[in-house]
Every structure is written in C-alpha cells, then in structure tokens.
Amino acid sequence: DYVNNLKKGMVFVDPYIRKKEISNQLNVISKKMGLNIIYDDKTLDEVNGLVEWPNALIGKIDEKFMNLPKEVLITVMRVHQKYFALQDKNNLIQPYFIVVSNMPKQSLRDKNIVFGNEKVLRARLADAKFHWENDRSKNFSEMLYKLKNVSYFEGLGSLYDKSIRLEKISEYISNLLKFKNVNNIKRAALLCKIDLITGMVGEFPELQGVMGGYYSSKEGKDVSKLISGHYKPKGSLGDISKNIGINILSLTDKIDHLAGFFSIDKKPSGSKDPFALRRSALGIVRIIVESKISINIDKLIEFTTNLFRNNDRSLNKQIKSFIEDRFSILLREKEIKYDVINCFMGKNLKYLYETNNKIIIMDAFMKTENGKNLKSLWFRVSNILNTERKIQNKIDISKFQIDGSFEKEEIKLLEKIKEIKSSKNFLKMLKQRALLKKPTDDFFENLQINDPNPGIKKRRITILSFLEQRLLEIGNLEALEG
C-alpha cells in the first residue's frame with residue numbers, strides 16, 4: 001500500500017524500478033530518433049538519485065557548438081548538467097541531448113523545461129567554445145616553459161621539473177622494452193602536462209590529457225595520441241590501452257607520481273590516501289600485467305627514485321613493498337590462494353607479468369592430484385631438512401659425488417633429480433617436480449635417514465638438499481600452508 005500510494009503521488013520509491021523507468025524512457029526517445037544513447041552508469045545513478053518521477057525530454061544543441069570536440073560536448077552535458085548525449089551509428093555525436101525532469105508530463109511545462117535547459121547548456125558551451133578557440137590560438141609546445149612557474153608539489157619542484165623527469169623515465173622504459181619510436185615517446189612525455197595550464201582544462205579538469213591530445217596536433221598524430229591516452233587506466237576498473245606507447249607513457253607518469261610522493265614521505269596511512277598513490281600503484285601493476293610488459297620492477301624503481309634521491313635503498317624497498325601489496329590484492333580478488341601468492345613475493349619478485357602467469361598456473365595446479373603430491377613432497381623434505389639445520393645450520397652440497405657405496409634408492413632419486421632439465425614452461429616445471437614424489441617415497445620407506453653412520457646420514461641429508469634445491473626453483477615454497 002505504501003509503495004502504491006507513493007506511486008499515486010508520483011513518486012517511484014524503489015530506486016531500482018526508478019532507474020529502470022529512466023532507462024526505458026531514454027531508449028524510447030533514442031529509438032524514435034534513430035540514434036544511440038552515450039551511456040554512462042555514473043550519470044544514470046546520479047540522475048536516479050535526483051528525481052522521484054522521471055520524465056525524459058529531448059533538447060537541441062546549437063549547431064555553432066558542434067565543431068567542439070566530442071569529449072568536450074559530452075563532458076559539459078554529462079558532468080555539469082547531468083544530460084545524456086546522443087550519437088549516430090558511426091559514433092558521431094548529434095546536436096541533441098536528453099534531460100530527465102522531475103515533473104510529470106505536461107506539454108507546456110515540458111517545453112519550458114527544455115527551453116530553460118537549452119539556455120543553460122548554451123551558456124556552458126559558449127564558455128567551452130571560448131576556451132577552445134583561445135587555447136588553440138597559442139603555440140602549444142612553447143607553453144612548456146610556463147610550467148616552470150607552476151608548482152607540482154612542495155618538495156617535488158615545478159610541473160616543468162616533472163616533465164623533464166617524465167622524458168627521462170619514458171626513454172629508460174622504451175630502451176628496456178626495445179620500443180622503436182623512442183623520440184615520439186620522449187616528446188609526448190615532455191609535453192603531456194602542458195594542457196593543465198590551458199583554459200579548457202582549468203574549466204573542465206576531467207578533460208586533462210584529452211585536450212593535450214587535441215592541442216598538440218602540430219606535433220604529429222602519434223605524439224597527440226600518446227598525450228591523449230596517458231592517464232589510462234582511469235580508476236581501478238578503467239580500460240588499459242592496447243597501444244604500447246600509451247602504456248609506456250602512463251607507466252612513466254604513475255611511477256614518477258608514486259616515487260615522488262614517497263620520496264617526500266607522503267605515503268598513505270590507514271584509509272587516507274590524499275594523493276591517490278594506491279591507485280597509481282594499482283595502475284602500474286595492471287599496465288604491466290594486462291599489457292604483457294616484461295620489465296624489471298626493481299630497476300624501474302631504482303632509476304626513478306634516483307631522480308629524487310641518489311641510491312636510497314630504503315626508499316626503493318618501501319615503493320617495491322607498496323606495489324607488491326597492490327599486486328597481491330589484485331591476485332586475491334581473482335580468488336587465488338594467498339599462500340600460493342606469497343610463494344612469489346618479496347626479493348624474488350622482479351617481473352610482474354611473468355610472475356602473475358606463474359601464480360595463476362600454480363594456483364590451478366595445486367588443486368590437482370599432482371599439485372597435492374608436490375605439496376606433500378615439499379613438506380616431507382623441508383621438515384626433515386629444517387630439523388637438521390637447527391643442528392648443523394648449513395648443509396654443504398658443493399662437493400657431493402656419487403660412489404659405489406650408494407644404495408639403489410639413493411641412486412634412483414638422484415637420477416630422477418638430474419633428469420629434470422631447466423624449462424621456461426612453468427607448468428612443465430611443476431609436473432616434473434611433482435613426479436619426484438614416488439622415488440622420494442621409496443627413498444624414505446626403504447632407507448633410514450638418521451643412519452647411525454654419520455657419513456651415510458650426511459649423504460642422505462645432502463640428497464634431500466639437492467631435491468629441495470630443485471623444488472625451490474619453482475618459488476619460495478616455504479610460504480605454502482598445509
């Protein structure tokens with residue numbers, strides 16, 4: 001009764017029903033016009049929270065504004081006015097918008113609402129048009145030196161200083177990856193922050209990067225494209241670019257941001273992260289992993305931090321640990337067991353993309369019968385050796401040689417261990433080592449490890465050390481839990 005009574009009073013009390021009603025109205029209008037809505041879930045949610053009785057109305061955009069970039073038109077409508085833009089089947093934006101009124105349908109009132117919203121949008125677009133024309137009247141690249149007068153952050157120099165760092169870091173990454181168009185990357189890195197001092201970005205901050213792409217058109221299509229996309233991914237769920245150059249530049253920007261704020265001790269604490277460093281670290285991980293970039297994260301951190309402080313190992317360690325935490329969280333979100341993840345963290349973590357693949361493979365493998373055998377083998381061998389290390393600290397295998405006194409089980413296990421060849425196929429590595437369980441079980445069942453003869457005991461402990469060494473080639477199996 002409560003819901004029905006409110007509906008009679010022109011209130012959709014259920015937000016899900018209200019949202020569905022808005023979507024239906026938008027689709028009816030767009031279908032009638034033969035156009036497509038440029039959907040945005042955030043705007044839809046905001047509009048849903050602003051109205052009680054949605055009434056979608058179509059308004060018109062003055063043709064004189066249609067030469068503005070598509071992103072500018074959409075941003076003005078979406079961010080500032082909560083309107084929905086329309087485009088044709090070729091993704092060309094059309095001179096119409098949909099506004100969702102909070103008033104019941106009534107012909108004259110609807111016309112007045114549309115008229116008022118068209119007037120407001122006209123004023124907004126007039127501002128955008130002014131900035132567009134004014135910004136383009138200036139030489140974009142010559143504005144670089146104006147960045148010297150804009151502070152980036154206290155202790156981190158100016159935006160010009162940051163631009164010089166980005167140029168150096170981007171060149172370093174490009175060379176590591178053997179990327180051919182290094183000059184384009186360097187040029188884009190040097191110029192990518194200029195649009196921050198333009199009128200358009202000052203008025204519409206959401207357009208940073210995008211406007212730089214338009215204003216840098218004289219630098220060439222490739223450079224403009226790099227500048228336009230260098231903030232990707234935006235947010236934790238933003239799309240990763242398929243352009244390797246854009247990903248290099250984005251990686252450059254994010255590692256500089258992270259290293260800079262860590263160097264002046266502005267690390268996140270608790271839930272507070274005013275400089276979005278967690279987002280930067282997550283972006284670094286996602287770019288490397290999803291773009292399949294093979295880069296040594298230790299070297300990248302060291303090169304970048306040296307631009308702020310020379311050879312600060314403590315700083316490098318902090319940044320590495322911070323990125324590692326984001327990496328672990330990303331993996332746990334995929335429901336990968338944390339003990340498997342921990343097998344590859346710490347000082348051995350250097351290549352995120354390759355490590356990500358190994359963790360996914362091992363997580364699946366450990367759920368198989370072979371995986372259970374591998375875990376059982378590891379615990380049996382490591383428990384004995386850990387007990388032995390408490391007695392003699394170190395087990396020396398450097399001078400170990402097979403002679404005629406060896407038992408057949410010892411020889412068989414050693415032969416199986418030696419049969420294992422180094423392989424770049426990680427799944428093959430896991431399977432090879434899991435197959436060592438049978439000869440190892442025979443070794444334990446037929447031989448006494450703690451033989452009364454010290455020489456024989458040492459020999460058998462040494463064989464197990466050889467086996468442990470091959471198992472640890474997988475990763476830090478000490479992190480595995482029973």
Side-chain angles (χ1 to χ4, degrees), residues 2-132 200 203-207 210-211 234:
Y2 172 73
V3 172
N4 288 331
N5 286 335
L6 279 172
K7 191 173 181 180
K8 289 174 185 176
M10 296 185 174
V11 174
F12 283 108
V13 67
D14 189 326
Y16 297 102
I17 293 175
R18 192 166 62 242
K19 186 175 180 179
K20 189 176 180 181
E21 175 64 21
I22 294 170
S23 294
N24 287 340
Q25 291 187 24
L26 293 176
N27 290 331
V28 167
I29 292 174
S30 61
K31 192 174 181 181
K32 188 177 179 181
M33 299 183 71
L35 300 173
N36 300 314
I37 299 284
I38 301 177
Y39 263 107
D40 173 57
D41 289 335
K42 185 181 177 184
T43 304
L44 186 57
D45 287 336
E46 287 179 352
V47 171
N48 190 37
L50 291 171
V51 299
E52 295 174 336
W53 190 260
N55 176 21
L57 303 168
I58 189 77
K60 200 163 189 325
I61 304 170
D62 283 1
E63 284 291 342
K64 66 180 181 181
F65 298 121
M66 294 309 295
N67 66 341
L68 287 169
K70 180 179 180 178
E71 295 89 347
V72 173
L73 290 167
I74 291 173
T75 299
V76 172
M77 287 189 270
R78 177 188 290 169
V79 177
H80 296 273
Q81 300 304 129
K82 315 304 175 194
Y83 299 161
F84 294 90
L86 293 144
Q87 62 186 9
D88 64 15
K89 62 182 180 181
N90 297 316
N91 296 327
L92 295 173
I93 195 162
Q94 298 300 299
Y96 302 99
F97 67 91
I98 298 176
V99 57
V100 181
S101 164
N102 193 33
M103 302 293 285
K105 279 191 178 297
Q106 206 268 355
S107 182
L108 181 59
R109 182 170 55 208
D110 287 353
K111 285 180 181 179
N112 287 332
I113 290 171
V114 170
F115 176 80
N117 279 277
E118 285 177 343
K119 185 178 178 181
V120 171
L121 182 59
R122 236 184 341 261
R124 280 283 189 181
L125 290 176
D127 289 342
K129 187 175 177 66
F130 167 78
H131 291 307
W132 171 245
M200 186 73 85
E203 183 75 18
F204 307 106
E206 301 86 0
L207 292 170
V210 173
M211 297 318 300
K234 290 187 176 180

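Count residues from 1 along the sequence.
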For V51 against S101, the heavy-atom pair lying closest together: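 The answer is CG1-O, 4.0 Å.
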
Minimum heavy-atom distance A85-I93, with the two atoms named: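 Minimum heavy-atom separation between A85 and I93: CB-CD1, 4.1 Å.
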
Within 6.0 Å of NZ in K7, more than 12 heavy atoms from elsewhere: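 At most 12 heavy atoms, drawn from other residues, nucleotides or ligands, come within 6.0 Å of this atom.
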
Check whether any side-chain heavy atom of [X] sits under 4.5 Å from a side-chain heavy atom of [Y], and report yes or no.
X	Y	value
F12	E21	yes
R122	F65	yes
N24	K20	yes
Y39	S23	yes
I61	F97	yes

Is there a donor-acceptor contact under 3.5 Å from the side chain of [X] to the main chain of [Y]?
X	Y	answer
N55	M103	yes
E118	G59	no
Q25	P54	yes
D62	K64	no

Donor-acceptor side-chain pairing of N36 and D88 below 3.5 angstrom: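 No pair is found: no donor N or O on one side chain lies under 3.5 Å from an acceptor on the other.
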
Under 3.5 Å, which donor-acceptor pairs link side chains of residues 70-84 to any protein atom two or more places apart or in another chain?
from, atom 1, to, atom 2, distance (Å)
K70, NZ, Q87, OE1, 2.8
K70, NZ, N91, O, 2.8
E71, OE1, Y214, OH, 2.6
T75, OG1, E71, O, 2.7
K82, NZ, E46, OE1, 2.8
K82, NZ, V79, O, 3.0
Y83, OH, N117, O, 3.3
Y83, OH, N117, OD1, 2.5

NZ/NE/NH1/NH2 to OD/OE distance under 4.0 Å, E206 and K234: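 Answer for the salt bridge query: no.
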
Residues which pass salt bridge (charged side-chain N to carboxylate O under 4.0 Å, His left out) with D45, listed by chain and number, not counting sequence neighbours: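 If we apply the salt bridge (charged side-chain N to carboxylate O under 4.0 Å, His left out) test to D45, skipping adjacent residues, the hits are K19.
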
Roughly how far, to the nearest 0.5 Å, is [atom2] of [Y] from [atom1] of [X]?
X	Y	atom1	atom2	result
I37	K31	CD1	NZ	13.5 Å
I98	I22	CD1	CD1	11.5 Å
K129	D127	NZ	CG	12.5 Å

Evaluation steps, side chain to side chain contact (heavy atoms under 4.5 Å, CB included), between R18 and D14: CA-CA 6 Å; R18 192 166 62 242; D14 189 326; over 6 Å; no

Qualifying residue for side chain to side chain contact (heavy atoms under 4.5 Å, CB included) with V100, from L44, T43, V47: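 For V100, the side chain to side chain contact (heavy atoms under 4.5 Å, CB included) check succeeds only for V47.
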
Test side chain to side chain contact (heavy atoms under 4.5 Å, CB included) applied to I58 and L86, step by step: CA-CA 10 Å; I58 189 77; L86 293 144; 3.6 Å; yes

